[in-house]
Each structure stands twice: as C-alpha cells, then as structure tokens.
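Working notes for the structure below.
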Amino acid sequence: MFFLHNRRKMSIFAVEINHKEMINREIIRIKIVQLTYAYYQNGNKNIDTAEKELIFSLSKAYDLYNYLLALIVAVSKEAQRRLEILETKALREGTVRPSTRFAYNRFSLQLAENKQLCDFISSQKWTWADEPEFIGKLFEQIEQSQLYKDYMAARTDDYAADRELWRRIYRTFIQENSDLEALLEEQSLYWNDDKEVVDTFVLKTIKRFEEQNGAKQELLPEYDNEEDRDYARKLFRAAILNADEYQHYMSETSYNWDFSRLAYMDVVIMQIAIAELMTFPSIPVSVTINEFVDIAKLYSTPKSGSYINGMLDTIARHLIDTGRLMKRIDERKAEKKGY
C-alpha cells in the first residue's frame with residue numbers, strides 16, 4: 001500500500017489521539033491522503049471503486065485492532081500450555097510446582113473472555129493459532145525479560161499490577177516488533193501502514209479495562225456514529241471531484257511560493273485540506289490546517305510542514321476575503337500551536 005515517511009513520528013502523533021471510537025477523523029484524514037495519492041497513481045481512475053477501497057481500508061484498521069488484542073490472549077494461552085507441561089513434570093518428579101501468576105494473569109483472562117473480542121475471533125478465518133512458531137518465540141522473549149522476572153517476584157499481586165504488566169509488555173515487545181510487522185503484512189497490505197496508529201488504541205484499551213466489568217468490558221467501537229463514515233466519503237469525493245478548482249486556488253495564491261517545485265504529495269495533501277475547508281462548515285480553519293500540516297510532516301519532505309502551513313493559511317485567507325469560504329481564522333488557536 002503506502003509507506004510512512006517517518007514511522008517513529010507516526011507513533012508520536014498517534015499518541016495524541018483521544019477519542020472514544022477506533023476510526024476517528026485523524027485516521028480518516030491519513031487514509032484519504034493515502035488513497036487519494038494511490039488514486040492518481042492508478043491508471044484506472046474509478047471514484048466509486050476508490051471510495052469502496054477507502055471504506056474497506058478503514059475496516060481493516062479495525063480488524064487489526066482486534067487482532068492485536070487477540071495476540072495478548074494467544075500469548076497467555078501459550079503460557080498456560082507450557083505451564084501444564086511443567087506442572088505435569090513437577091508432579092511426576094515431586095518438585096516444586098511452577099508459579100501460575102503469568103499464565104493466569106487476571107487482565108489477560110478477562111480479555112480472553114471479552115464478548116466482543118470472542119465474537120470477532122470466531123468470525124475470522126485467520127487466527128493466532130495459525131502462527132504457533134511466532135507465538136512461542138514471543139512468549140520466550142517475554143519470559144526471558146527482566147520485566148517478566150520482576151513481575152513474577154513482586155509482592156504486589158492485584159489486577160492493577162496484572163494490567164500494567166501487559167501494558168508494558170505491549171510497549172516493549174509488540175509495539176515495535178519486526179517479526180510481527182512482517183507477519184501482519186503477509187495477511188494484509190493495509191496493516192503495514194496501520195499498525196503504528198492502531199498500537200496507540202490497543203494501549204488505550206488496556207488502560208481502560210476495569211476488573212468489575214468482566215466479559216462485558218467495552219472495546220472501542222469501529223465508529224462512534226455514522227457521521228464519521230459520511231465524513232470520510234464526503235471528504236474523499238470532494239477532494240477528487242473538485243481537484244481542478246482546488247488546485248486553481250493553490251496556483252492563484254502561490255505568488256510568494258515556488259509552486260512549480262512543490263512535491264506531488266504536498267499537492268495532494270493541500271487538495272484534501274482545501275476540500276475539508278470548503279465542505280465542512282463546522283470544522284474550524286485552524287483545526288484543518290494543523291491536522292494536515294501534521295500529516296505533511298509524516299508523509300512528505302522534511303520542509304513540507306512549514307511550506308503547507310504557510311500555503312494553507314494564505315489560501316484560507318484568500319478564500320475568506322473573496323467570499324468563497326464562510327469561516328473565520330481563529331488566530332489564538334493557530335498561535336497556541338506555533339502556527
């Protein structure tokens with residue numbers, strides 16, 4: 001699919017996301033940038049097909065969220081399987097029985113019983129049970145770590161400690177794992193782009209778990225409501241169908257900029273940003289500019305962020321001055337974020 005300009009920056013950007021749903025507008029904007037760029041690179045420019053691709057790619061991001069939660073369950077089941085072998089050996093040899101603390105970690109047991117996650121797993125053809133070698137290796141990495149040893153030796157033994165262990169395990173062994181990324185890429189071309197963002201939602205979900213909720217603990221929904229799904233469709237279509245008009249806005253306000261040397265990705269990003277400015281009256285100008293400047297820093301050249309910030313600010317002011325954009329620029333918000 002599409003590779004990030006700077007994957008580490010992506011995780012820093014994504015940590016700032018704070019929504020109750022998995023598919024939010026930050027992810028939608030990123031996906032639309034990816035799919036719009038791909039649309040122009042693809043010789044067969046069918047907007048209906050491209051829109052379906054957009055919605056499908058968003059659903060695949062939600063699938064990955066569930067799979068990464070299920071990975072915790074799979075590692076725990078591997079720990080339980082190995083524990084049974086050790087217990088049988090200890091019973092046979094009359095030695096001390098091994099600790100059950102990690103294998104029956106209260107948080108991972110709760111996650112294994114989660115109704116939403118169980119429904120997802122039961123509906124999928126591919127599961128972590130199909131990857132025993134990877135699961136076994138991941139468990140061994142965890143078991144050999146100081147993090148694991150400290151947990152097993154700790155006096156504090158409660159649900160909060162169990163949950164915190166898995167949050168730390170996820171950050172240490174799952175968030176950046178080249179073997180995992182290679183495996184996920186085999187399953188879906190979308191997931192290589194999605195993982196950095198989805199990791200932050202998994203960590204957020206772990207933190208949200210409460211023991212008293214049991215199997216009914218709510219996971220993040222795919223969409224909070226239909227409004228964001230409609231937003232995705234409208235923004236994508238507006239960016240494509242009004243491309244000539246939006247690029248004209250760029251050219252007529254670029255007299256102070258070297259527009260001819262602009263990277264193609266920068267054109268795509270500004271085109272989508274202008275589409276958002278023109279199509280969604282409730283979204284403030286400063287929000288649109290800030291969001292797409294952040295995306296430019298990730299997906300384009302090192303200088304793109306400052307260039308696009310200046311261009312979009314100039315374009316927005318021009319459209320407001322000429323009466324084509326019925327918004328105002330919130331100077332205080334722009335200054336607060338350094339723009």
Side-chain angles (χ1 to χ4, degrees), residues 65-122 124 126-181 183-184 195 198-219:
Y65 165 74
N66 282 277
Y67 271 121
L68 290 173
L69 286 171
L71 178 56
I72 295 173
V73 176
V75 172
S76 297
K77 287 183 177 178
E78 176 65 11
Q80 292 164 16
R81 185 187 72 81
R82 296 192 184 202
L83 177 65
E84 287 180 14
I85 295 172
L86 293 175
E87 286 181 328
T88 300
K89 182 180 179 181
L91 185 62
R92 183 175 64 249
E93 297 177 355
T95 55
V96 177
R97 296 181 65 182
S99 171
T100 63
R101 186 173 186 185
F102 179 78
Y104 291 93
N105 174 289
R106 280 159 286 209
F107 165 75
S108 63
L109 288 178
Q110 182 187 9
L111 186 60
E113 295 173 354
N114 184 270
K115 187 178 185 307
Q116 289 175 251
L117 186 60
C118 288
D119 287 346
F120 171 81
I121 294 171
S122 65
Q124 302 302 305
W126 177 72
T127 70
W128 291 111
D130 300 324
E131 307 296 338
E133 184 177 342
F134 170 76
I135 297 298
K137 180 180 177 181
L138 179 57
F139 169 71
E140 289 166 7
Q141 289 173 335
I142 294 168
E143 187 180 37
Q144 293 164 12
S145 70
Q146 192 61 45
L147 181 60
Y148 176 91
K149 293 171 184 176
D150 290 345
Y151 167 75
M152 296 299 280
R155 291 186 178 182
T156 304
D157 183 12
D158 57 22
Y159 178 85
D162 286 1
R163 182 183 57 199
E164 175 61 14
L165 171 74
W166 269 108
R167 190 190 69 83
R168 296 178 68 187
I169 286 175
Y170 195 95
R171 289 181 62 90
T172 306
F173 297 100
I174 298 175
Q175 194 162 9
E176 291 188 25
N177 184 318
S178 57
D179 290 340
L180 174 58
E181 289 172 7
L183 190 154
L184 291 173
K195 186 175 180 298
V198 176
D199 280 335
T200 65
F201 286 101
V202 175
L203 288 166
K204 179 180 178 180
T205 299
I206 293 172
K207 191 174 181 180
R208 285 163 54 101
F209 258 59
E210 297 291 344
E211 186 174 20
Q212 64 268 23
N213 292 337
K216 294 182 179 179
Q217 172 74 47
E218 290 187 0
L219 304 182

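Index from 1, following the sequence.
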Worksheet item: Does a side-chain heavy-atom distance below 4.5 Å link Leu138 with Asp179?
Response: no
Worksheet item: Hey, is the main chain of Thr127 close enough, under 3.5 Å, to the side chain of Asp130 for a donor-acceptor pair?
Response: yes
Discussion item. Heavy-atom count check: over 12 atoms from other residues, nucleotides or ligands less than 6.0 Å from Gln124 CD?
Written reply: yes
Discussion item. Distance check, rounded to the nearest 0.5 Å: Trp166 atom CH2 versus Ile174 atom CD1?
Written reply: 5.5 Å
Discussion item. Just so I know, are the side chains of Ile72 and Ile169 near enough to count as touching, which here means a heavy-atom distance under 4.5 Å?
Written reply: no
Worksheet item: Can you name the nearest heavy-atom pair linking Ile206 to Arg163, along with the distance?
Response: O-CD, 3.1 Å
Fill in: Where Val198 and Tyr65 come nearest, the two heavy atoms and their spacing
CG1-CA, 3.4 Å
Worksheet item: For Lys89, which residues count as a side chain to side chain contact (heavy atoms under 4.5 Å, CB included) partner, sequence neighbours excluded?
Response: Arg92, Glu93
Worksheet item: Just wondering, do Thr100 and Glu87 contact through their side chains at under 4.5 Å, heavy atoms?
Response: yes
Worksheet item: Thinking salt bridges, do Lys137 and Glu133 make one under a 4.0 Å N-O criterion?
Response: no
Worksheet item: Mind checking whether Phe102 and Ile142 have side chains closer than 4.5 Å, heavy atoms only?
Response: yes
Discussion item. What's the separation between atom CG in Leu69 and atom OG in Ser108, rounded to the nearest 0.5 Å?
Written reply: 12.5 Å
Worksheet entry | Straight-line distance of Leu68 CG to Trp128 CH2, nearest 0.5 Å | 6.5 Å
Response to the item:
Nearest heavy-atom approach of Ala74 to Ile135 is O-CG2, 3.7 Å
Worksheet item: Is a donor on one side and an acceptor on the other found under 3.5 Å between the side chain of Asp162 and the backbone of Asn105?
Response: no
Discussion item. Just verifying a value: how many Å separate Met152 CE and Lys149 NZ, rounded to the nearest 0.5 Å?
Written reply: 12.0 Å
Discussion item. Nearest 0.5 Å, please: how far is CG in Asn177 from CZ in Phe134?
Written reply: 5.0 Å
Worksheet item: Does Tyr67 have any ring-ring contact (aromatic ring centres under 6.0 Å, His included) partners at least two apart in sequence or in another chain, and if so, which?
Response: Phe120, Trp126, Trp191
Worksheet entry | Closest non-hydrogen atom pair between Arg97 and Ala90, with its separation | CA-CB, 4.1 Å
Worksheet, complete the sentence: Phe209 meets the ring-ring contact (aromatic ring centres under 6.0 Å, His included) criterion, sequence neighbours left out, with Phe107
Worksheet item: Quick one: are Gln217 and Glu113 in side-chain contact, heavy atoms under 4.5 Å?
Response: no
Worksheet item: Would you say the side-chain atoms of Gln175 pair up with the backbone N or O of Tyr170, donor to acceptor, closer than 3.5 Å?
Response: no
Discussion item. In the structure I gave you, are the side-chain heavy atoms of Gln110 and Tyr159 within less than 4.5 Å of one another anywhere?
Written reply: yes
Fill in: Spatial distance of atom CZ (Arg81) from atom CZ (Phe139) [nearest 0.5 Å]
9.5 Å
Practice prompt. Indicate the atoms forming the closest heavy-atom contact of Gln80 with Tyr104, along with that distance.
Written response: CG-CZ, 3.8 Å
Worksheet item: Should the heavy atoms of other residues, nucleotides or ligands under 6.0 Å from CZ of Arg82 be counted, would the total exceed 12?
Response: yes
Discussion item. Does any part of the side chain of Asp157, heavy atoms only, come nearer than 4.5 Å to the side chain of Arg106, both counted from C-beta?
Written reply: yes
Practice prompt. Before accepting this row, confirm whether a basic side-chain N of the pair Glu164/Arg167 lies closer than 4.0 Å to the acidic partner's carboxylate O.
Written response: yes
Discussion item. Consider side-chain contact (heavy atoms from CB on, under 4.5 Å). Of Ile121, Leu117, Asn114, Leu109, which one does Val73 pass it with?
Written reply: Leu117
Worksheet entry | Polar side-chain atom of Asp158 near backbone of Ala161 as donor-acceptor pair, under 3.5 Å | yes
Worksheet item: Any side-chain heavy-atom pair from Leu83 and Pro98 closer than 4.5 angstrom?
Response: yes
